[in-house]
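Note sheet for the following structure.
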Amino acid sequence: MSTPPRFDRGHTDDLMTFLAASPSQYHAVANAAARLEKAGFRQVQETDAWDGTHGGKYVLRGGAIVAWYVPEDAQPHTPYRIVGAHTDSPNLRVKPQPDSGAYGWRQVAVEIYGGTLLNTWLDRDLGIAGRLTLRDGSHRLVNVDRPLMRVPQLAVHLDRSVNTDGLKLDRQRHLQPIWGLGDDVQEGDLIRFLEQEAELDEGEVAGWDLMLHSVEAPAYLGRDRELVAGPRMDNLLSVHAGAAALAAVSGSEDLPFIPVFAAFDHEEDGSQADTGADGPLLGNVMERSVFARGGTYEDRARAFAGTICLSSDTGHAVHPNYAERHDPTHHPRANGGPILKVNVNARYATDGAGRAVFAAACERAGVPWQTFVSNNAMPCGTTIGPITAARHGIQTVDIGVAILSMHSARELCGADDPHLLANALTAFLAG
């Protein structure tokens with residue numbers, strides 16, 4: 001195949017642009033789709049009949065996207081190479097009846113989504129973004145990316161023990177943001193405001209999926225700018241890298257596999273949704289692609305049996321202030337390259353055979369890599385990896401980039417790791 005492009009710090013610059021432009025999972029998939037469109041991909045509708053033509057295609061469903069490239073000589077039983085990721089991040093989500101307030105303050109009622117670090121949402125300038133559903137069933141993205149709301153922390157004078165006994169936040173009472181002044185709660189006020197922002201008529205919005213985000217821009221950090229601070233790296237860093245890798249290998253006609261990029265919603269709350277990894281979306285796309293190319297159930301079984309997925313999600317870099325929380329012999333470092341995530345209790349899907357697949361891809365890409373395993377005394381998180389492996393019966397390997405401040409409103413990674421990951425994913429998809 002032709003040599004795909006090598007990613008460098010320009011990829012990291014572009015990641016920062018992508019993060020800033022993707023305050024919600026709906027914006028993230030729209031931006032990923034736009035990048036794939038530039039590489040020649042075209043959207044197909046799940047409600048339409050599919051044909052078996054070659055080329056790049058993608059499906060959008062809510063906050064999820066599945067994209068794939070069919071080489072011209074692909075057979076119905078040709079296996080897939082999949083990069084999996086997720087589009088959602090822990091944050092504050094707007095409730096169905098959002099308008100509230102007390103004591104002269106106008107507030108917005110929010111619900112906690114995922115395992116967010118609650119304190120990181122205090123005293124930040126917050127915008128609001130997401131998806132509006134209109135009365136005709138269509139959708140409109142909205143993004144108020146300016147200081148609009150704030151969750152104010154209680155002053156130390158009124159909480160004298162905060163620096164000795166620790167900050168204690170009640171999820172219902174203490175995380176409700178303020179966004180103005182007024183004694184009367186006006187029902188429908190927030191949605192009317194967003195209709196104006198989206199240039200819609202009043203009353204046109206029938207439903208919404210809205211969330212808050214920090215309006216502080218991603219930035220390089222450190223004396224030598226060797227770090228990047230920004231929001232939603234878990235897991236838009238992998239979404240950005242996966243889309244870039246798929247675009248890089250598309251157009252090559254001697255690929256031994258059909259490369260796929262799948263980014264799901266709802267990973268942070270268990271993946272059990274029609275747009276989650278535990279839903280049927282990925283399996284349906286792969287099966288329909290087999291059948292559209294004239295395949296049988298036997299071809300489908302052969303294709304799935306030869307398929308491999310890299311589940312790419314962020315992991316923990318060793319924290320210099322809490323080194324005892326990490327495994328004593330596994331200390332992933334920033335800018336050390338992507339990590340292989342291992343857990344023998346299948347919280348990650350990696351096994352020895354998967355390790356060999358990942359090591360080979362990194363070797364072809366000339367990329368260093370590291371291994372992550374949890375301290376035995378600490379509970380281990382999980383990813384879409386085990387779900388993908390179990391649901392579809394395909395070999396899956398868990399990998400990612402090591403970061404600090406995971407699930408914070410603002411996370412931290414090495415500035416070289418995003419492009420090192422993208423190069424490894426490109427080598428994997430190219431076979």
Side-chain angles (χ1 to χ4, degrees), residues 79-86 233-235 237-239 241-242 245 257 259-264 267-268 270-271 276-278 282-283 304-318 325-333 336-365 367-403 406 413 417-418 420-431:
Y80 298 92
R81 281 272 173 120
I82 305 167
V83 169
H86 69 88
M233 291 185 182
D234 180 11
N235 186 32
L237 190 158
S238 295
V239 172
F257 307 100
V260 179
F261 165 59
F264 303 99
E267 191 271 349
E268 298 293 357
S271 293
D278 204 19
L282 176 60
F304 277 47
T307 292
I308 306 174
C309 173
L310 288 190
S311 163
S312 182
D313 202 346
T314 55
H316 302 293
V318 61
R325 303 294 182 96
H326 300 266
D327 183 82
T329 59
H330 295 78
H331 288 163
R333 299 188 177 194
I339 56 174
L340 180 73
K341 301 162 76 171
V342 179
N343 179 265
V344 295
N345 294 301
R347 299 291 286 172
Y348 302 130
T350 306
D351 60 10
R355 183 184 192 276
V357 169
F358 179 63
C362 289
E363 183 178 354
R364 289 194 300 273
V367 167
W369 60 279
Q370 311 172 81
T371 303
F372 170 83
V373 65
S374 290
N375 185 309
N376 288 341
M378 302 293 294
C380 179
T382 190
T383 68
I384 66 165
I387 295 170
T388 303
R391 180 170 183 82
H392 305 295
I394 58 179
Q395 181 182 5
T396 304
V397 189
D398 272 298
I399 68 161
V401 162
I403 70 171
M406 186 184 294
C413 77
D417 283 329
L420 294 175
L421 174 66
N423 285 326
L425 296 182
T426 301
F428 167 75
L429 289 179

- prompt: In Å and rounded to the nearest 0.5 Å, what is the CG to CG distance from D351 to N343?
  reply: 12.5 Å

- line: Shortest non-hydrogen pair, V367 vs P338, comes out as CG1-CD, 3.5 Å

field: 4.5 Å side-chain heavy-atom contact, V318 and H330
entry: no

field: Check: K341 and F358 side chains under 4.5 Å, non-hydrogen atoms
entry: no

- prompt: Just checking, is any N or O donor in the side chain of D313 or T383 under 3.5 Å from an acceptor N or O on the other one?
  reply: no

message: Please enumerate all residues that pass side chain to side chain donor-acceptor pair (under 3.5 Å) together with S238, with sequence neighbours excluded.
response: N235, S312

message: As an exercise, state the distance from CG of L282 to CD1 of I387, rounded to the nearest 0.5 Å.
response: 12.0 Å

Distance-only check: which donor-acceptor pairs under 3.5 Å involve side-chain atoms of residues 372-381, not counting sequence neighbours?
residue: N375; atom: OD1; partner: A377; partner atom: N; Å: 2.8
residue: N375; atom: ND2; partner: E324; partner atom: O; Å: 3.3
residue: N375; atom: ND2; partner: H326; partner atom: O; Å: 3.1

message: Quick one: does any side-chain atom of E267 pair with a main-chain N or O of A277 as donor and acceptor, under 3.5 Å?
response: no

Distance in Å, I394 CD1 paired with C309 SG, rounded so as to fall on 0.5 Å steps: 5.5 Å

- prompt: Can you name the closest pair of heavy atoms from P332 and I339 and give their distance?
  reply: CB-CG2, 3.8 Å

message: Please report the interatomic distance OG1(T388) to CD(Q395), rounded to the nearest 0.5 Å.
response: 13.0 Å

- request: Would you please name every residue forming a ring pair (Phe, Tyr, Trp, His ring centres under 6.0 Å) with Y80, sequence neighbours left out?
  value: none

task: Taking the side chain as every heavy atom from C-beta outward, state whether F261 and V239 have any pair of such atoms under 4.5 Å apart.
output: yes

Test item: L340 and Y348 side chains (from C-beta on) under 4.5 Å apart, heavy atoms: no

- prompt: Where do C413 and V401 come nearest, in terms of heavy atoms and distance?
  reply: CB-CG1, 4.4 Å

field: Heavy-atom donor-acceptor pair, S311 side chain to D398 backbone, under 3.5 Å
entry: no

- prompt: Would you say H392 and T307 make side-chain contact, with heavy atoms under 4.5 Å?
  reply: no

task: Working to the nearest 0.5 Å, report the span between CZ of R391 and CG of D278.
output: 6.0 Å

- prompt: Looking at side-chain heavy atoms only, is the closest gap between L425 and I399 below 4.5 Å?
  reply: yes

task: Over all heavy atoms of both residues, which pair between P386 and R347 is shortest? Give the atoms and the distance, please.
output: CG-O, 3.2 Å

query: Is the backbone of F428 close enough, under 3.5 Å, to the side chain of R81 for a donor and an acceptor to pair up by distance?
result: yes

- prompt: What is the minimum heavy-atom distance between P259 and F257, and which atoms define it?
  reply: CD-O, 3.3 Å

- prompt: When you look at R355 and V342, which way does the side-chain contact (heavy atoms from CB on, under 4.5 Å) test go after all the steps?
  reply: CA-CA 9 Å; R355 183 184 192 276; V342 179; over 6 Å; no

